[in-house]
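The next block holds one structure in the form of structure tokens; read it before the comments.
For clarity, every value in this text was computed on a predicted model and none was experimentally measured.
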Amino acid sequence: MALEILIRVETKGRHPDDVLDEAFKKYRSLTDLDRAFVTELVYGTLRWRGKIDWVIARFSRIKFDRIERIILYILRLGVYQLLFLTKTPDRAAVNESVILAKRLKSQDAAGFVNAVLRRIIREGGMDGLPVAKGSPQDVLAVEQAFPLWAVIKLWNGWGEKETRAFCEASNRPAPLVLRVNTLAMDREDLISRLRREGLSACATRFSPNGVVIEDGRPVPKMPFLRSGYYQIQDEAAQLISFLVDPKPGERVLDVCAAPGTKTTHLAQLMANRGSIYALDINGAGLAKLRQSCQRMGVTNVTVLKRDLTQPVSLPQIEPFDAVLVDVPCTGWGTIRRNPDIKWRTGPDDIPRMASLQRRILDNAAALARRGGRVIYSTCTVYHEENEGVVEGFLGSREDFLLDRDRPGLFREELFDERGFFRTLPHRHNTDGFFAARLVRE
């Protein structure tokens with residue numbers, strides 16, 4: 001099952017969580033332990049793929065780029081177990097990998113898999129691996145399983161210490177964070193209910209609506225999951241809605257809104273008073289948005305399908321008090337949750353996304369009223385998608401300024417010296433988010 005999921009994630013561009021969920025619905029007889037093991041194999045192999053491939057290349061007698069793809073996937077699963085899973089016996093990891101190769105390919109393929117894995121065991125596992133050589137960036141890329149291009153780019157912008165800290169933090173699984181639905185209850189009430197269900201729940205550090213679940217229960221096993229009491233949402237993502245600072249009675253526009261996690265939070269902060277227009281081009285995502293509104297008891301949202309890469313016309317609708325522009329991005333601030341991003345994005349994606357983001361920001365900002373505010377946000381760490389887009393926009397628009405005012409709950413450590421909002425996994429134990437508040441004069 002883990003092998004099939006890895007293949008679908010890479011060849012179809014699917015999100016691991018979605019493919020795992022489909023598999024678990026298909027095979028309902030799996031135990032909780034089985035589900036946890038499959039999830040660990042998938043996410044662990046994706047997280048450490050770069051280092052795993054480096055090891056395979058050094059212990060294979062066939063050149064790495066000539067190893068057949070399905071055999072490479074099998075080897076990745078086997079090597080991950082040998083090097084990272086201390087509770088999996090070496091003989092079991094080897095035996096299961098050999099059986100997979102024999103079943104799916106041939107006896108010769110099984111012999112090759114057996115030889116590679118047993119060579120790694122003979123060399124002493126992780127402690128006996130050869131030492132990575134080359135520049136400091138080369139070594140860090142291997143040690144932390146990051147693409148070399150990304151290490152070099154981050155190193156040039158941040159330096160060695162910050163880059164290493166980011167890579168190390170991004171390789172640790174993210175905590176499960178909830179956002180209480182304040183339309184239904186307050187945070188202390190939710191924490192009390194979760195603790196009565198046997199969960200270790202505590203308040204988040206920055207968000208007044210956040211709850212951290214410390215014992216790592218699988219999401220499908222969470223109590224009250226469909227009740228509307230809460231929404232699963234990282235703490236940094238919650239802070240974006242507070243940065244919008246919507247007031248009850250205001251008119252708010254949320255572009256690129258699907259699947260609606262921030263939309264429902266904006267509605268909470270407005271106490272369901274006023275109006276929110278949620279726009280997106282993704283029809284399936286908008287269907288999820290409507291479902292989220294219904295589940296959370298949100299009643300002040302109008303959902304519209306619009307392409308924000310083009311100028312948008314909203315007839316008979318007045319300009320908005322606040323516009324949230326939470327744009328598509330490379331997602332490099334969310335690697336803890338989405339390790340596959342490391343391998344399915346490349347350096348060319350960054351300027352491509354920045355161009356798309358700029359078009360969306362231009363079109364969305366045109367819908368803000370005079371004196372209104374526009375909040376631009378991403379979940380990535382690259383300058384071109386963050387400051388670069390904002391600086392380019394401000395340089396072309398005399399009627400917009402960077403707004404350095406902050407809602408009262410925000411701490412200084414969440415902003416840089418220029419007034420940009422920024423969170424990072426190694427500094428704040430959150431996803432990496434960037435945001436800028438702009439005001440239309």
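- Looking at Asp17 and Tyr43, their side chains do bring a donor and an acceptor atom within 3.5 Å of each other.
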TODO: Tell me, with the steps shown, if Arg35 and Glu40 meet salt bridge (Lys or Arg N to Asp or Glu O under 4.0 Å).
DONE: CA-CA 9 Å; Arg35 290 172 181 241; Glu40 174 64 31; over 6 Å; no
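- Taking a cutoff of 4.0 Å between a charged side-chain nitrogen and a carboxylate oxygen, Arg418 and Glu391 qualify as a salt bridge.
- Side chain to side chain, Arg187 and Ser192 fail the donor-acceptor criterion of an N or O pair below 3.5 Å.
- Residues satisfying the salt bridge (charged side-chain N to carboxylate O under 4.0 Å, His left out) criterion with Arg172, sequence neighbours excluded, are absent altogether.
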- [ ] Walk me through it: do Arg58 and Asp53 pass the test salt bridge (Lys or Arg N to Asp or Glu O under 4.0 Å)?
- [x] CA-CA 9 Å; Arg58 276 144 190 81; Asp53 286 357; over 6 Å; no
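- Between the side chain of Thr423 and the main chain of Phe433, a donor-acceptor pair closer than 3.5 Å is present.
- Among all heavy-atom pairs drawn from Pro223 and Leu194, the shortest one is CG-CD2, 4.0 Å.
- The backbone N or O of Tyr376 sits nowhere less than 3.5 Å from a side-chain atom of Gln357 that would complete a donor-acceptor pair.
- Checking Asn429 against Arg336 by side-chain atom types alone, a donor-acceptor pair falls below 3.5 Å.
- In this structure, Ile213 and Pro175 have side chains that are not in contact, with every pair of non-hydrogen atoms separated by 4.5 Å or more.
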List the atom pairs, donor and acceptor, that lie under 3.5 Å between side-chain atoms in residues 108-115 and the rest of the protein, sequence neighbours left out.
{"from": "Asn114", "atom 1": "OD1", "to": "Arg118", "atom 2": "NE", "distance (Å)": "2.9"}

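- A donor atom on one side chain and an acceptor atom on the other are found under 3.5 Å apart for Ser135 and Asp138.
- Residues Arg205 and His428 approach most closely at NH1-CA, 4.3 Å, considering heavy atoms.
- With respect to Arg427 and Glu413, no salt bridge is recorded, no charged nitrogen being found less than 4.0 Å from a carboxylate O.
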- [ ] Carefully, step by step, assess Thr204 and Val211 under the rule side-chain contact (heavy atoms from CB on, under 4.5 Å).
- [x] CA-CA 5 Å; Thr204 48; Val211 176; 5.7 Å; no
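- Partner of Val327 under the side chain to side chain contact (heavy atoms under 4.5 Å, CB included) criterion, out of Val255, Val389, Thr378: Thr378 alone.
- The backbone N or O of Phe393 sits less than 3.5 Å from a side-chain atom of Ser396, completing a donor-acceptor pair.
- When all heavy atoms are compared, the tightest approach of Phe242 to Pro208 is CZ-CG, 3.5 Å.
- Each of Val38, Val19, Leu20 was checked for a side chain to side chain contact (heavy atoms under 4.5 Å, CB included) with Met1, and the lone residue meeting it is Val38.
- Annotation: cation-pi geometry satisfied between Arg69 and Tyr73 (NZ/CZ under 6.0 angstrom from ring centroid, within 45° of ring axis).
- There is no side-chain donor-acceptor pair under 3.5 Å between Thr334 and Asp431.
- When side chains are defined from C-beta on, Asp326 does not count as touching Ile375, because their heavy atoms never get closer than 4.5 Å.
- At distances below 3.5 Å, not a single donor-acceptor pair connects side-chain atoms of Arg66 with backbone N or O atoms of Lys63.
- For the pair Arg437 (side chain) and Leu243 (backbone), a donor-acceptor distance under 3.5 Å is present.
- A donor-acceptor contact closer than 3.5 angstrom is absent between the side chains of Thr345 and Thr330.
- Residues Val142 and Trp54 are in side-chain contact: their nearest non-hydrogen atoms beyond the backbone lie under 4.5 Å apart.
- Taking the six-membered ring for Trp, Phe420 and Phe434 have ring centres closer than 6.0 Å.
- Although no hydrogens or angles enter the test, the distance criterion places no donor-acceptor pair under 3.5 Å between the side chain of Trp155 and the main chain of Gln137.
- Looking at heavy atoms from C-beta onward, Pro328 lies in side-chain contact with Cys256 at the 4.5 angstrom threshold.
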Only pairs under 3.5 Å count here: list side-chain donor-acceptor contacts from residues 276-291, not counting sequence neighbours, and write none if there are none.
{"from": "Asp280", "atom 1": "OD1", "to": "Asn282", "atom 2": "N", "distance (Å)": "2.9"}
{"from": "Asp280", "atom 1": "OD2", "to": "Ala257", "atom 2": "N", "distance (Å)": "3.2"}
{"from": "Asp280", "atom 1": "OD2", "to": "Ala258", "atom 2": "N", "distance (Å)": "3.1"}
{"from": "Asn282", "atom 1": "OD1", "to": "Ala284", "atom 2": "N", "distance (Å)": "3.0"}
{"from": "Asn282", "atom 1": "OD1", "to": "Gly285", "atom 2": "N", "distance (Å)": "2.8"}

Open item on the list: Working note: Glu160 + Arg164, criterion salt bridge (Lys or Arg N to Asp or Glu O under 4.0 Å); need CA distance, chi angles, decisive distance, verdict.
Closed with: CA-CA 6 Å; Glu160 177 183 4; Arg164 183 177 296 277; 3.6 Å; yes
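- A salt bridge links Glu10 and Arg49; the closest N-O separation between the charged side-chain nitrogens and carboxylate oxygens is under 4.0 Å.
- When all heavy atoms of Asn209 and Gln238 are compared, the closest pair comes out as C-OE1, 3.5 Å.
- Here the shortest heavy-atom pairing between Gly50 and Ala145 reads N-CB, 4.0 Å.
- Of all heavy-atom pairs between Val312 and Asp307, the closest is CG2-O, 3.9 Å.
- The pair Arg47-Asp340 fails the salt-bridge criterion, with no side-chain N (NZ, NE, NH1 or NH2) lying under 4.0 Å from an Asp/Glu carboxylate O.
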Task: Test ring-ring contact (aromatic ring centres under 6.0 Å, His included) applied to Trp48 and Phe84, step by step - done: CA-CA 9 Å; Trp48 292 101; Phe84 293 94; 5.0 Å; yes
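- Note on Asp348 versus Arg352: no salt bridge recorded, every NZ/NE/NH1/NH2 to OD/OE distance being 4.0 Å or above.
- Aromatic ring centres of Tyr230 and Phe224 lie farther apart than the 6.0 Å criterion allows.
- With 3.5 Å as the limit, one finds a donor-acceptor pair spanning the side chains of Asn171 and Gln144.
- Using a 4.5 Å cut-off on side-chain heavy atoms (C-beta onward), Val98 and Val94 make contact.
- You'll find the side chain of Leu6 reaches within 4.5 Å of the side chain of Val42, heavy atoms only.
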Open item on the list: I'd like to know whether Arg422 forms a salt bridge (Lys or Arg N to Asp or Glu O under 4.0 Å) with Glu387, so could you lay out the CA-CA distance, the side-chain angles of the two residues, the decisive distance to 0.1 Å, and finally the verdict.
Closed with: CA-CA 11 Å; Arg422 194 186 314 274; Glu387 298 96 325; 2.6 Å; yes
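- Side-chain contact between Leu394 and Leu438 is present, with at least one heavy-atom pair separated by less than 4.5 Å.
- Between Phe146 and Trp332, the ring-plane angle classifies as tilted under the 30° and 60° cut-offs.
- Between the side chains of Arg359 and Gln310, no donor-acceptor pair is found at a separation under 3.5 Å.
- A donor and an acceptor atom, one from each side chain of Thr264 and Arg179, are located under 3.5 Å apart.
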Task: Worked check of side-chain contact (heavy atoms from CB on, under 4.5 Å) between Val116 and Arg119 - done: CA-CA 5 Å; Val116 173; Arg119 284 189 68 195; 5.9 Å; no
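- Using a distance-only test at 3.5 Å, with no hydrogens or angles considered, a donor-acceptor pair links the side chain of Glu235 to the main chain of Ser207.
- Between the side chain of Ser377 and the backbone N or O of Ile240 there is no donor-acceptor pair closer than 3.5 Å.
- The side-chain heavy atoms of Glu22 and Arg8, taken from C-beta on, include a pair separated by under 4.5 Å.
- For the atom pair CG (Leu82) and CG (Asp90), the distance works out to 5.0 Å, reported to the nearest 0.5 Å.
- When atom types are taken as modelled, the side chain of Asp416 and the backbone of Gly419 share a donor-acceptor pair closer than 3.5 angstrom.
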